[in-house]
There are 2 protein chains.
Amino acid sequence: MLSKKTKYGLKALTYIARQEGESPVQVGEIAKSEQIPQKFLESILLTLRKAGILGSKKGKHGGYYLRKSPSDIKMTEVMRVLEGPIAMVPCVSLNFYEKCDDCPDENLCSVHRLMIQVRDNTLYVLRSTTLEDLSAIN
Amino acid sequence: MLSKKTKYGLKALTYIARQEGESPVQVGEIAKSEQIPQKFLESILLTLRKAGILGSKKGKHGGYYLRKSPSDIKMTEVMRVLEGPIAMVPCVSLNFYEKCDDCPDENLCSVHRLMIQVRDNTLYVLRSTTLEDLSAIN
DNA sequence: TATTAATCCTATCAATTTAATAGGAATTAC
DNA sequence: GTAATTCCTATTAAATTGATAGGATTAATA
């Protein structure tokens, strides 16, 4: 299951992308428009800022803005920040690899091999989709 | 993340598939060989039996066996039984569809559209992989 | 028929994760 | 200096996960 955190994060990024060009977008505005609990959204946008995807401006008339062009923000990046590893098991993760406790030999593990397939196909989609695609109307 | 339940289930099914032709395979044997807590595995195999993937024989010399040929057991079926919906959000699930509370129009929702892509690619892999593929050595 | 060995069933529990809330500090525009 | 905003930390309630416990039921076989 996709966490609410990720779902909200994606919706917020899409919202911001659709406003781009103007001044920073405020959390309250996004929360209201997208029906997201404001305090929860605050923490999500903070995470995205710390990851370098968003920038922020503090104080009155502050808010969030994209650090890169929507077409340069790949879904792999966003998903890794919000949802964590794309692989369903650590032993097939490219960025968060961990060996299984059990499993003497990964190459002989049926689960391992299946999950590599799933990962590769998911990666293909997430790598070839950018925030620009998400924020395109229709 | 793939749950332990699913991981254990897949390993157990693979183990059983590799023994096929002989008498039913016992939980204790699988648990020992695959390093799975026996009581936990019991409940998993029970689930697979109730779903019609496994059959069982009770009493002494009892155990579990496949109800179909490994080449007829698709990963979509196994994953749905053990892990639940393949879609990451209910609103793109084929078998467990649910509308989102928020989201006035799915067709305009960026998350919805992305998750359809992910689902379709995952489905492709899981539909074209069977237990026979998993249990092939190498 | 008694014993043994297996599945079956229900309940419970501890740990973790998730989703959300609360309260206020720091910063900036005006 | 006031208002509006992000920033930060802590807390909490609910759900899920992974596992354990105990025994009921069933069947083979000595």
Side-chain angles (χ1 to χ4, degrees), chain A residues 1-12 16 19 22-32 34-67 81-85 88-90 100-102, chain B residues 1-12 16 19 22-32 34-67 81-85 88-90 100-102:
Chain A
M1 275 282 294
L2 195 74
S3 66
K4 297 258 183 170
K5 182 179 168 187
T6 303
K7 188 184 179 192
Y8 293 161
L10 287 170
K11 285 193 164 195
I16 295 172
Q19 309 290 315
E22 307 159 32
S23 40
V25 185
Q26 286 151 24
V27 174
E29 180 188 336
I30 306 171
K32 197 176 167 197
E34 301 294 327
Q35 314 218 53
I36 302 170
Q38 175 156 351
K39 278 294 198 178
F40 193 14
L41 183 56
E42 266 184 37
S43 73
I44 295 168
L45 298 189
L46 214 44
T47 303
L48 289 167
R49 198 217 59 191
K50 285 177 179 166
I53 294 171
L54 291 176
S56 67
K57 193 175 167 234
K58 284 191 192 174
K60 202 168 185 176
H61 300 170
Y64 289 93
Y65 53 89
L66 300 176
R67 292 284 298 277
V81 168
L82 294 176
E83 192 74 5
M88 294 186 79
V89 281
C100 294
D101 297 340
D102 45 325
Chain B
M1 272 282 295
L2 194 74
S3 67
K4 297 260 184 169
K5 182 178 168 188
T6 303
K7 187 184 179 193
Y8 293 162
L10 287 171
K11 285 193 166 196
I16 295 172
Q19 310 289 314
E22 306 159 32
S23 40
V25 185
Q26 287 150 24
V27 175
E29 181 188 336
I30 306 171
K32 197 177 167 196
E34 301 294 326
Q35 314 218 53
I36 302 171
Q38 174 155 352
K39 277 294 197 179
F40 194 15
L41 183 56
E42 264 184 38
S43 72
I44 295 167
L45 297 189
L46 214 44
T47 302
L48 289 167
R49 198 217 59 193
K50 285 177 178 164
I53 295 171
L54 290 176
S56 68
K57 192 174 166 236
K58 284 192 191 174
K60 202 170 185 176
H61 299 170
Y64 289 93
Y65 53 90
L66 301 176
R67 293 284 298 276
V81 168
L82 295 176
E83 193 73 6
M88 294 186 81
V89 281
C100 292
D101 298 339
D102 45 324

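In what follows, every heavy atom counts, from backbone to side chain, and hydrogens, waters and symmetry copies are set aside. Quick caveat: nothing in here was measured; it's all calculated off a predicted structure. Sequence lines set the chain letters: A, B, ... in the order given, protein chains first and strands last, and positions in each chain run from 1.
Residues B:M1 and A:P90 form a side-chain contact, since some pair of their non-hydrogen atoms from C-beta on lies under 4.5 Å apart.
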Enumerate, atom names and distances included, each donor-acceptor pair closer than 3.5 Å involving a side-chain atom of residues 34-50 of chain B, sequence neighbours excluded.
residue: B:S43; atom: OG; partner: B:F40; partner atom: O; Å: 2.7
residue: B:T47; atom: OG1; partner: B:S43; partner atom: O; Å: 2.9

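Residues from residues 2-12 of chain B placing a heavy atom under 4.0 Å of any atom in DNA chain D, listed by number, are B:S3, B:K4, B:K5, B:Y8. Of the residues in residues 36-46 of chain A, those with a non-hydrogen atom less than 4.0 angstrom from any atom of DNA chain C are A:P37, A:K39, A:F40. Sorted by residue number, the members of residues 53-67 of chain A with any non-hydrogen atom under 4.0 Å from DNA chain C read A:K57, A:K58, A:G59, A:K60, A:H61.
Nucleotides of DNA chain D with any atom under 4.0 Å from a heavy atom of chain B span, from 5' to 3', D:dG18 to D:dT29.
Separating the CD atom of A:Q35 from the C1' atom of C:dA19 is a distance of 17 Å, rounded to the nearest angstrom.
The two residues A:A51 and A:V81 make their nearest non-hydrogen contact at CB-CG2, 3.6 Å. When every heavy atom of A:S56 is checked against every heavy atom of A:Y65, the shortest pair comes out as N-CE2, 3.6 Å. Across all non-hydrogen atoms, the minimal contact from A:G63 to A:P24 is C-CB, 3.5 Å. Taking both residues in full, the closest heavy atoms of A:S3 and A:E83 are given as OG-OE1, 2.8 Å, listed atom of the first, atom of the second, then distance.
Counting only Watson-Crick and G-U wobble pairs whose two distances sit under 3.5 Å, DNA chain D takes part in these stems of three or more pairs: C:1-30 with D:1-30.
Taken from CG in A:L54 to CG in A:L66, the straight-line distance is 6.0 Å, to the nearest 0.5 Å. Distance CD/B:Q26 to NE2/B:H61: 7.5 Å, rounded to 0.5 Å. With rounding to the nearest 0.5 Å, the separation of NZ in A:K57 from OG in A:S23 is 8.0 Å.
The side chain of B:R49 contributes no N or O atom lying less than 4.0 Å from OP1 or OP2 of C:dT7.
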